[in-house]
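Okay, so here's the structure we're looking at.
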Amino acid sequence: MSRNRFKALLIEREDGIVRARLRKLVDADLPAGEVLVAVRYSSLNYKDGMAITGKGRIVASYPHVPGVDFSGCVLASENAEFKPGDEVVLTGWGVGERHWGGLAQRARVQAEWLVPLPRGLDLRKAMTIGSAGLTAMLCVMALEEAGVLPDSGTVVVTGAAGGVGSMAVALLAQLGYRVAAVTGRNSSHAFLRQLGAAEFLGREEMSRPPRKLESRRWAGCVDVVGGVMLARILAEMNYGGTVAATGLAGDDSLSTSMMPFILRNVCLRGVESVTPPRALRERAWRRLAELLPEQAYQAIGQEIPLAEVAAAAERIMRGEIRGRVLVDLEK
Ligand code: NDP
C-alpha cells in the first residue's frame with residue numbers, strides 16, 4: 001500500500017439505507033485535527049454496532065468512519081503534548097459518532113481526546129479494555145465513592161457476558177467483591193466464573209416486573225441493561241445500596257417506584273464515559289492497568305480483522321458477542 005493510502009470501514013447512506021464497506025482512503029480524506037495516528041487496534045462496542053447497522057441516531061453525517069475507540073502510534077502532531085512515535089489511546093469524545101473514528105488504519109483527532117498509553121499496558125491490552133473497560137472502571141469507582149465496599153455485600157452485574165459487563169465482573173472480583181452475574185446465556189457461566197463471578201441469575205428471572213419493594217439482595221449494581229431489569233434491581237437493593245447505571249442494551253426507559261429511594265436510601269447513579277474530565281479518565285486508566293490480571297485479557301479479548309467488523313456489528317446488536325472484540329488494523 002502506498003505511504004498514505006489506508007484501509008477504512010466507511011459507512012455510507014444511499015436512498016436511506018446505511019451500508020458499511022471497506023474502502024481505501026488517503027490522509028487528505030480525514031477530517032481536520034491536531035494529531036494524526038496510525039491506528040493499531042480498535043474495538044467493537046455497542047454504539048459501533050448501532051452506527052454500522054444504521055440503528056439509533058449515532059452517526060452525525062455520512063460518509064462516516066465508525067469506531068468509538070482506538071490505540072495506536074502518533075504519526076504527526078501539531079500539538080506540543082504529542083510527538084511522532086508516542087503511543088496513545090482514545091475513547092469517547094464523540095469519536096466514531098460526530099467525528100471519524102478508529103475503524104481505519106489512520107485517524108486524525110484533537111490532542112485533548114488522547115491519553116498517553118498508560119504504564120503497564122500495551123496497545124492490544126488498552127483496546128481489550130477500550131470504552132467498555134473504562135466505563136466498567138468508572139462504574140466501580142462510582143460504587144466505591146458511594147461507600148459500596150467488598151464487605152458491604154454482593155454486587156450484581158447485568159449484561160454480564162458483554163463488553164462492559166465482563167469487564168465489571170473481572171474488576172469487581174479482582175477488588176474482592178462477591179459478584180452475581182445476570183446473563184441471558186447459560187453457555188457464558190464458565191467464562192464468567194473464570195472472571196470471578198460467584199453467582200448466576202438468568203435474564204428471564206431478572207426481567208420479571210417487580211413489586212414496589214422486593215427482598216433485599218444487593219449492596220451494589222453495575223447495570224448496562226436498563227428497563228424492567230433495572231427496576232427489579234432497584235426494588236431488590238439493600239438499605240443504602242447504589243446502582244451505577246450506564247447502558248440500555250435492553251431498554252432505554254425506566255418505570256419504577258419511589259419506594260426503594262425513600263424507604264431504603266437507594267441511590268441510582270448515572271455513569272457516562274464519553275467526556276469525563278481528563279484527571280478522572282487518567283485515574284481510571286491507571287487503576288485498570290494495575291488491576292486486571294493477564295488471564296482476564298486472555299479470557300475477555302477476541303481479535304477480528306477489519307473485514308469481519310460489519311458481521312460482528314450485527315452480532316453485537318443481537319447480544320451475541322461475548323467479552324470484547326478487538327479489531328486488528330494490521331490484518
Ligand atoms: P454488549 O453487547 O457487549 O453487552 C451487552 C450485554 O447485555 C449483552 O452481551 C447481553 O449480555 C445483555 N443484553 C443484550 N440485550 C439484552 C436484552 N434485550 N435484555 C437484557 N440483556 C440484554 O454491549 P456493551 O457492553 O458494549 O454496552 C452495553 C451497554 O452499555 C450499551 O447500552 C452501551 O450503549 C452502554 N455503554 C455506555 C457507555 C456510557 O458511557 N454510558 C459506554 C459504553 C457502553 P448477556 O448475554 O450476558 O445477557
Side-chain angles (χ1 to χ4, degrees), residues 42-53 55-58 66-69 91-97 127-142 156-171 179-193 195 197 200-208 221-233 243-254 269-276 280-281 284 300-302 312-327:
S42 185
S43 79
L44 188 71
N45 293 274
Y46 192 82
K47 270 187 191 167
D48 303 317
M50 291 171 83
I52 294 165
T53 59
K55 299 195 174 81
R57 288 201 213 115
I58 289 287
V68 301
D69 50 22
T91 58
W93 296 107
V95 169
E97 301 179 61
M127 262 312 101
T128 308
I129 295 169
S131 280
L134 179 69
T135 307
M137 188 73 246
L138 291 171
C139 288
V140 172
M141 287 160 70
V156 61
V157 176
T158 66
V164 178
S166 58
M167 278 285 167
V169 170
L171 290 167
V179 184
V182 182
T183 179
R185 294 175 276 179
N186 289 349
S187 56
S188 296
H189 288 190
F191 164 66
L192 291 165
R193 195 173 291 114
L195 298 180
F200 302 96
L201 301 125
R203 189 187 294 179
E204 266 179 37
E205 107 185 67
M206 293 305 285
S207 301
R208 281 181 294 117
C221 170
V222 174
D223 177 57
V224 305
V225 170
V228 180
M229 195 178 294
L230 175 55
R232 167 157 288 279
I233 285 166
V243 176
T246 196
L248 39 73
D251 198 340
D252 65 1
S253 64
L254 174 64
R269 162 80 197 267
V271 174
E272 189 271 348
S273 67
V274 175
T275 57
L280 175 60
R281 192 179 283 262
I300 291 177
Q302 48 175 303
E314 299 283 349
R315 296 212 315 279
I316 204 166
M317 295 315 293
R318 294 196 298 265
E320 291 173 7
I321 296 287
R322 196 175 82 179
R324 296 272 300 140
V325 175
L326 282 150
V327 183

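Basis for what follows: all heavy atoms, side chains included, without hydrogens, waters or symmetry-related copies. Because the structure is predicted, anything quoted here is derived from the model rather than measured. Note that ligands are numbered from 1 as they come in the structure, with each ligand's atoms numbered from 1 the same way.
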Exercise. With no hydrogens and no angle check, do the side chains of Arg232 and Ser207 hold a donor and an acceptor under 3.5 Å apart?
Worked result: no

Exercise. N/O to N/O below 3.5 Å, does that happen between Gly165 and ligand 1?
Worked result: no

For this session: Return a yes/no value for Ser131: is any of its N or O atoms, backbone included, closer than 3.5 angstrom to an N or O of ligand 1?
Result: no

Exercise. Going by atom types only, do Thr91 and Arg281 share a side-chain donor-acceptor pair under 3.5 Å?
Worked result: yes

Exercise. Just checking, any donor-acceptor pair under 3.5 angstrom between side chains of Ser188 and Asn186?
Worked result: no

Exercise. At what distance is the nearest protein heavy atom to atom 12 (C) of ligand 1, and which residue and atom is it?
Worked result: Gly159 CA, 3.6 Å

For this session: Could you check atom 2 (O) of ligand 1 against the protein and tell me its nearest heavy-atom contact, residue, atom and distance included?
Result: Ile316 CG1, 3.3 Å

Exercise. For atom 4 (O) of ligand 1, what is the nearest protein heavy atom, given as residue, atom name and distance?
Worked result: Gly162 CA, 3.3 Å

Problem set entry | ligand 1 N/O within reach of Thr246 N/O, cut-off under 3.5 Å | yes

Exercise. At what distance is the nearest protein heavy atom to atom 15 (N) of ligand 1, and which residue and atom is it?
Worked result: Ala249 O, 3.5 Å

For this session: Could you list the atoms of ligand 1 found under 4.0 angstrom from a heavy atom of Glu272?
Result: 40 (O)

Exercise. How does Thr158 reach ligand 1, by side chain, by backbone, by both or by neither, if only non-hydrogen atoms under 4.0 Å count?
Worked result: neither

Seminar exercise, completed: When distances are taken from atom 23 (O) of ligand 1, the protein heavy atom at minimum range is Tyr46 CB, 3.6 Å

Exercise. Hey, is Ala132 one of the residues with a heavy atom under 4.0 angstrom from ligand 1?
Worked result: no

Exercise. Are any of the N or O atoms of Gly247 closer than 3.5 Å to those of ligand 1?
Worked result: no

Problem set entry | Heavy atom of the protein closest to atom 48 (O) of ligand 1 (residue, atom name, distance) | Gly184 N, 2.7 Å

Exercise. Numbering the atoms of ligand 1 from 1, which are under 4.0 Å from a heavy atom of Ser273?
Worked result: 38 (C), 39 (C), 40 (O), 42 (C)

Distance-only check: which donor-acceptor pairs under 3.5 Å involve side-chain atoms of residues 133-141, not counting sequence neighbours?
unit_1: Thr135; atom_1: OG1; unit_2: Ser131; atom_2: O; d: 2.6
unit_1: Thr135; atom_1: OG1; unit_2: Ser273; atom_2: OG; d: 2.8

Problem set entry | Residue and atom name of the nearest protein heavy atom (relative to atom 21 (N) of ligand 1), distance in Å to one decimal | Arg203 NE, 3.3 Å

Seminar exercise, completed: Counting from 1 in the order shown, the ligand 1 atoms closer than 4.0 Å to a non-hydrogen atom of Gly163 are 1 (P), 3 (O), 4 (O), 25 (O)

Exercise. Under the side-chain hydrogen bond (donor to acceptor under 3.5 Å, both in side chains) rule, what pairs show up with a residue in residues 157-171, not counting sequence neighbours?
Worked result: Thr158-Asp223

For this session: Look only at interatomic distance and state if Lys47 has a nitrogen or oxygen under 3.5 Å from any nitrogen or oxygen of ligand 1.
Result: no

Exercise. Is Thr183 touching ligand 1 with its side chain, its backbone, both, or neither, if touching means heavy atoms under 4.0 Å apart?
Worked result: both

Exercise. For ligand 1, which atoms, with element, lie under 4.0 Å from some heavy atom of Ala161?
Worked result: 47 (O)

Exercise. For Met229 and ligand 1, does the shortest N/O to N/O distance drop below 3.5 Å?
Worked result: no

For this session: Determine whether Met229 and Ile233 make a side-chain contact, defined as any pair of heavy atoms from C-beta on separated by less than 4.5 Å.
Result: yes

For this session: Before signing off on this row, confirm whether Asn45 and ligand 1 have an N or O atom pair separated by under 3.5 Å.
Result: no

For this session: Go through ligand 1 atom by atom and flag the ones less than 4.0 Å from a non-hydrogen atom of Val271.
Result: 41 (N)

For this session: For Gly250, counting its heavy atoms only, list the atoms of ligand 1 lying under 4.0 Å from any of them.
Result: 17 (C), 18 (N), 19 (N)

Exercise. Under 3.5 Å between some N or O of ligand 1 and some N or O of Leu248?
Worked result: yes

Exercise. For Gly323 and ligand 1, does the shortest N/O to N/O distance drop below 3.5 Å?
Worked result: no

